[in-house]
*Asks:* 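Here it is, the structure in full.
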Protein chains: 2
Amino acid sequence: MKMTTTTYVILGLLALRRWSTYELAKQMKRSIRYYWPRAESHLYEEPKKLVSLGLATATREDVGRRPRTVYEITDAGRTALREWLATPGSLPLVEFEGLVKVLFAEQGTKDDLLQTLATIRADAEATREHHAELAADLAVTGGPFPDRLHVNALVLRFMWDQAETVIRWAEWAETVVAEWPDTATQPAAPLDYALGDR
Amino acid sequence: MKMTTTTYVILGLLALRRWSTYELAKQMKRSIRYYWPRAESHLYEEPKKLVSLGLATATREDVGRRPRTVYEITDAGRTALREWLATPGSLPLVEFEGLVKVLFAEQGTKDDLLQTLATIRADAEATREHHAELAADLAVTGGPFPDRLHVNALVLRFMWDQAETVIRWAEWAETVVAEWPDTATQPAAPLDYALGDR
DNA sequence: CCCCTATACTCCCAACGGGAGTAAATTTCC
DNA sequence: GGAAATTTACTCCCGTTGGGAGTATAGGGG
């Protein structure tokens with residue numbers, strides 16, 4: 001029964017409003033998974049943990065014959081969240097399989113590498129588009145939490161900047177690799193094009 | 001007994017040269033952990049898996065009375081790696097606890113938020129510095145694999161660009177937040193400063 | 001009425017993190 | 001030279017997590 005970052009994420013969402021578990025899982029999928037991804041199957045346990053620790057309450061509702069559980073934060077929950085925000089946290093963690101494939105690219109074909117780079121770019125473009133839609137929603141409607149626009153904007157700008165950086169890097173790498181005869185042949189001055197300006 | 005991305009990472013390293021398990025773990029820690037982090041305790045199982053699949057061989061050596069195992073890739077291993085490089089891969093995954101704390105910043109103090117941003121910046125500066133050292137090593141000595149500089153350069157440039165982007169974002173966010181009276185008070189036009197140019 | 005999707009969950013097993021540990025070799029320090 | 005610290009070389013443990021599979025009900029559309 002340990003408070004993990006995931007538990008605090010759920011607690012943070014409960015600080016904004018009351019949520020059913022399904023709604024919590026949906027909100028994770030909509031935005032938070034881009035910087036705190038968690039499998040849906042375990043999200044249903046997190047609010048229960050909060051309840052057992054006195055940081056949230058659970059209310060059983062019935063939708064026809066279907067049960068639903070709605071959770072709300074407690075004052076102790078707000079205090080716990082506030083204290084967590086003041087603690088040092090864990091380092092960022094990135095799992096980027098595409099970049100691993102770039103790293104070992106000379107063990108494969110040039111076409112494979114170009115495909116990998118194109119996929120990386122397309123994924124980043126999709127992420128950028130998704131966050132543009134989130135931003136447009138905030139700009140037009142204020143979103144579900146209009147009094148939090150200022151902090152949401154910090155996060156959205158981060159996501160946008162990151163996606164832009166990946167896209168630009170992929171475009172650059174595609175043009176560089178396009179001029180290689182193959183992945184195993186080292187071009188002249190292999191480091192200059194990457195490190196020339198630093 | 002399933003081939004995971006981690007298994008392929010080890011296979012990719014074995015494609016470069018023969019390694020002891022400890023050396024594999026050390027190389028993961030030196031560079032690959034930034035984009036494919038894995039706990040050391042499980043890395044020792046991966047080459048064993050490769051051996052059982054015929055993709056690598058294991059040689060037991062003795063250093064005095066201490067045992068060491070050295071692994072080498074097989075031809076089948078090279079083929080498997082080549083084929084994996086041609087497969088579509090999984091999406092990037094990011095766990096960024098600092099950004100989660102930014103997302104819920106209005107539940108805490110302005111000082112906590114500024115501390116979070118400063119920590120994010122410092123971590124990114126350390127990452128940038130680490131990769132600058134890796135790059136300098138490559139530039140001066142050619143590194144352990146001088147015939148792979150061209151692909152290493154692609155990866156290094158990516159890591160540098162990412163770190164730079166995080167640093168710039170954190171610096172920007174620090175200046176923005178510095179002007180807030182507190183985290184709960186929404187400034188005028190809260191979205192413009194983040195989204196004004198897109 | 002039927003089909004599909006959404007809502008609302010639970011269960012399972014493999015992959016994994018991180019800590020702890022043992023043992024021998026090597027390096028550093030006094 | 002000897003002791004302590006660090007490195008090399010692993011194994012084990014337990015909790016966290018991914019992702020797939022599943023059940024059941026509500027709601028919408030043709």
Side-chain angles (χ1 to χ4, degrees), chain A residues 1-10 18-30 32-53 58-71 88-97 100, chain B residues 1-11 18-30 32-53 58-71 89-97 100:
Chain A
M1 192 66 69
K2 186 175 177 328
M3 291 290 285
T4 67
T5 302
T6 307
T7 320
Y8 282 110
V9 168
I10 300 297
R18 71 202 298 264
W19 304 78
S20 73
T21 332
Y22 184 84
E23 284 171 334
L24 286 169
K26 238 174 63 172
Q27 184 67 15
M28 292 290 289
K29 185 170 179 184
R30 180 165 180 261
I32 292 175
R33 72 173 163 96
Y34 288 95
Y35 40 91
W36 200 263
R38 281 299 176 268
E40 184 183 329
S41 58
H42 294 295
L43 291 180
Y44 284 83
E45 295 305 314
E46 295 297 338
K48 294 179 193 174
K49 194 191 298 181
L50 290 170
V51 170
S52 70
L53 292 169
T59 307
R60 293 285 300 217
E61 299 177 351
D62 292 298
V63 188
R65 287 157 51 207
R66 185 165 56 182
R68 173 197 287 159
T69 312
V70 180
Y71 293 90
S90 54
L91 283 168
L93 179 158
V94 177
E95 290 188 359
F96 195 177
E97 185 177 312
V100 172
Chain B
M1 191 65 71
K2 183 175 180 324
M3 291 291 284
T4 67
T5 302
T6 306
T7 320
Y8 282 110
V9 168
I10 300 296
L11 190 61
R18 72 201 299 265
W19 304 81
S20 74
T21 331
Y22 183 84
E23 284 171 332
L24 286 168
K26 236 172 65 172
Q27 184 68 16
M28 293 290 290
K29 184 171 180 182
R30 181 168 179 257
I32 292 176
R33 71 171 165 96
Y34 289 95
Y35 39 92
W36 200 264
R38 283 299 176 268
E40 184 183 332
S41 57
H42 294 294
L43 291 180
Y44 285 83
E45 295 306 315
E46 295 297 338
K48 294 179 193 173
K49 194 192 299 181
L50 290 170
V51 170
S52 69
L53 292 169
T59 308
R60 293 283 301 214
E61 298 178 353
D62 291 298
V63 188
R65 289 159 46 206
R66 185 166 55 180
R68 171 198 288 160
T69 312
V70 180
Y71 293 90
S90 54
L91 283 168
L93 180 157
V94 177
E95 292 188 357
F96 195 175
E97 183 176 313
V100 171

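Quick note on labels: first sequence line is chain A, next is B, and so on, each numbered from 1.
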*Asks:* Applying salt bridge (Lys or Arg N to Asp or Glu O under 4.0 Å), can you list everything that pairs with B/E23, at least two apart in sequence or on another chain?
*Replies:*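 By the salt bridge (Lys or Arg N to Asp or Glu O under 4.0 Å) rule, B/E23 matches B/R17.
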*Asks:* Side chain to side chain donor-acceptor pair (under 3.5 Å) with A/T5: which residues, sequence neighbours excluded?
*Replies:*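 Residues passing side chain to side chain donor-acceptor pair (under 3.5 Å) with A/T5: B/E97.
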*Asks:* When you get a sec, tell me which of C/dT10, C/dG17, C/dC16 is the closest nucleotide to the side chain of A/Y44?
*Replies:*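 Side chain of A/Y44 sits closest to C/dT10.
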*Asks:* Check side-chain contact (heavy atoms from CB on, under 4.5 Å) between A/Y71 and all other residues, then give those that pass, not counting sequence neighbours.
*Replies:*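 side-chain contact (heavy atoms from CB on, under 4.5 Å) check on A/Y71 returns A/L14, A/T21, A/P47, A/K48, A/V51, A/A58, A/T69.
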*Asks:* Near DNA chain D, under 4.0 Å by heavy atom, which residues of residues 21-28 of chain B?
*Replies:*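 Contacting residues: B/T21, B/Y22, B/K26.
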*Asks:* If you check the A/E40 side chain, which of C/dA15, C/dG17, C/dC9 turns out closest?
*Replies:*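 Selected nucleotide: C/dC9.
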*Asks:* Within this structure, what is the CZ-to-C1' distance between A/R38 and C/dG17, rounded to whole angstrom?
*Replies:*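 Distance, rounded to whole Å: 11 Å.
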*Asks:* Identify, with sequence neighbours excluded, every residue that meets side-chain contact (heavy atoms from CB on, under 4.5 Å) alongside A/R68.
*Replies:*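 For A/R68 the side-chain contact (heavy atoms from CB on, under 4.5 Å) partners, ignoring immediate neighbours, are A/S20, A/E61, A/V63, A/V70.
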*Asks:* Would you mind reading off the distance between B/D62 atom CG and D/dA9 atom C1', rounded to a whole angstrom?
*Replies:*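 Rounding to the nearest Å, CG of B/D62 and C1' of D/dA9 are 12 Å apart.
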*Asks:* Which nucleotide in the list C/dC9, D/dC10, C/dA15 gets nearest to the side chain of A/T69?
*Replies:*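 Closest nucleotide among those given: C/dC9.
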*Asks:* Select base, sugar-phosphate, or nothing to describe what B/E46 touches, counting heavy atoms under 4.0 Å on all strands.
*Replies:*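 Touches sugar-phosphate only.
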*Asks:* So what is the end-to-end bend of the helix from C/dC1-D/dG30 to C/dC30-D/dG1, with 5 pairs used at each end and the value given to 10 degrees?
*Replies:*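 Computed from the C1' atoms at both ends, the axes differ by 40°.
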*Asks:* Can you name the nearest heavy-atom pair linking A/R33 to A/K29, along with the distance?
*Replies:*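 Looks like NE-O, 2.7 Å.
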*Asks:* Would you mind reading off the distance between A/R30 atom CZ and C/dA6 atom P, rounded to a whole angstrom?
*Replies:*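 After rounding, the gap between these two atoms is 16 Å.
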*Asks:* Roughly how many Å is it from OH in A/Y8 to P in D/dT16, rounded to a whole number?
*Replies:*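 Atom-to-atom, A/Y8 to D/dT16, this comes out as 13 Å.
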*Asks:* What's the CE-C1' distance between A/M3 and D/dG15, to the nearest Å?
*Replies:*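 So the CE-C1' distance, A/M3 to D/dG15, works out to 16 Å.
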*Asks:* What are the two closest non-hydrogen atoms of B/V9 and B/M28, and how far apart are they?
*Replies:*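 Smallest heavy-atom distance, with atoms named: CG1-SD, 3.6 Å.
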*Asks:* Counting only side-chain N and O atoms of A/R68, is one of them less than 4.0 Å from OP1 or OP2 of C/dC9?
*Replies:*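 A/R68 to C/dC9 OP1/OP2: no side-chain N or O under 4.0 Å.
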*Asks:* As a quick check of understanding, evaluate side-chain contact (heavy atoms from CB on, under 4.5 Å) for A/L24 and A/E46, giving each step before the final call.
*Replies:* CA-CA 10 Å; A/L24 286 169; A/E46 295 297 338; over 6 Å; no
*Asks:* Between side-chain atoms of residues 37-45 of chain B and protein atoms elsewhere (two or more places apart, or another chain), which donor-acceptor pairs fall under 3.5 Å?
*Replies:*
unit_1: B/R38; atom_1: NE; unit_2: B/T6; atom_2: OG1; d: 2.9
unit_1: B/R38; atom_1: NH1; unit_2: A/E95; atom_2: OE2; d: 2.7
unit_1: B/R38; atom_1: NH2; unit_2: A/E95; atom_2: OE2; d: 3.3

*Asks:* Give the rounded distance in Å between these two atoms: CD of B/E45 and C1' of C/dC16.
*Replies:*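 Taking CD of B/E45 and C1' of C/dC16, I get 12 Å after rounding.
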*Asks:* Rounded to whole angstrom units, what separation is found between the CG atom of A/L91 and the P atom of C/dG18?
*Replies:*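 About 10 Å, once rounded to whole Å.
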*Asks:* What nucleotide, of D/dG18, C/dT10, D/dT16, holds the atom closest to the side chain of A/K48?
*Replies:*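 Side chain of A/K48 sits closest to C/dT10.
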*Asks:* Could you list the residues that satisfy side-chain contact (heavy atoms from CB on, under 4.5 Å) with B/R65, not counting sequence neighbours?
*Replies:*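 If we apply the side-chain contact (heavy atoms from CB on, under 4.5 Å) test to B/R65, skipping adjacent residues, there are no hits.
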*Asks:* For B/Y35, give me all partners under ring pair (Phe, Tyr, Trp, His ring centres under 6.0 Å), at least two apart in sequence or on another chain.
*Replies:*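 Testing B/Y35 for ring pair (Phe, Tyr, Trp, His ring centres under 6.0 Å), a comparison that skips the adjacent residues, returns none.
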*Asks:* Please give, in whole Å, the distance from D/dA26 P to A/E61 CD?
*Replies:*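 Going from A/E61 (CD) to D/dA26 (P), I get 15 Å.
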*Asks:* If a protein heavy atom is under 4.0 Å from the base, mark B; if only from the sugar-phosphate, S; if neither, -; do that for nucleotides 20-28 of chain C going 5' to 3'.
*Replies:* ----BS---
*Asks:* Measure from the ring centre of B/H42 to the centre of the six-membered ring in the base of C/dC16, then say whether that distance is under 5.5 Å and the planes meet at under 30°.
*Replies:*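 B/H42 vs C/dC16: stacking yes.
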*Asks:* Tell me, please, which residues at least two apart from A/R30 pass side chain to side chain donor-acceptor pair (under 3.5 Å).
*Replies:*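 In terms of side chain to side chain donor-acceptor pair (under 3.5 Å), with neighbours along the sequence ignored, A/R30 is linked to A/D137.
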*Asks:* If the condition is side-chain contact (heavy atoms from CB on, under 4.5 Å), which residues does B/L91 pass it with, not counting sequence neighbours?
*Replies:*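 Checked B/L91 against side-chain contact (heavy atoms from CB on, under 4.5 Å); matches are A/D123.
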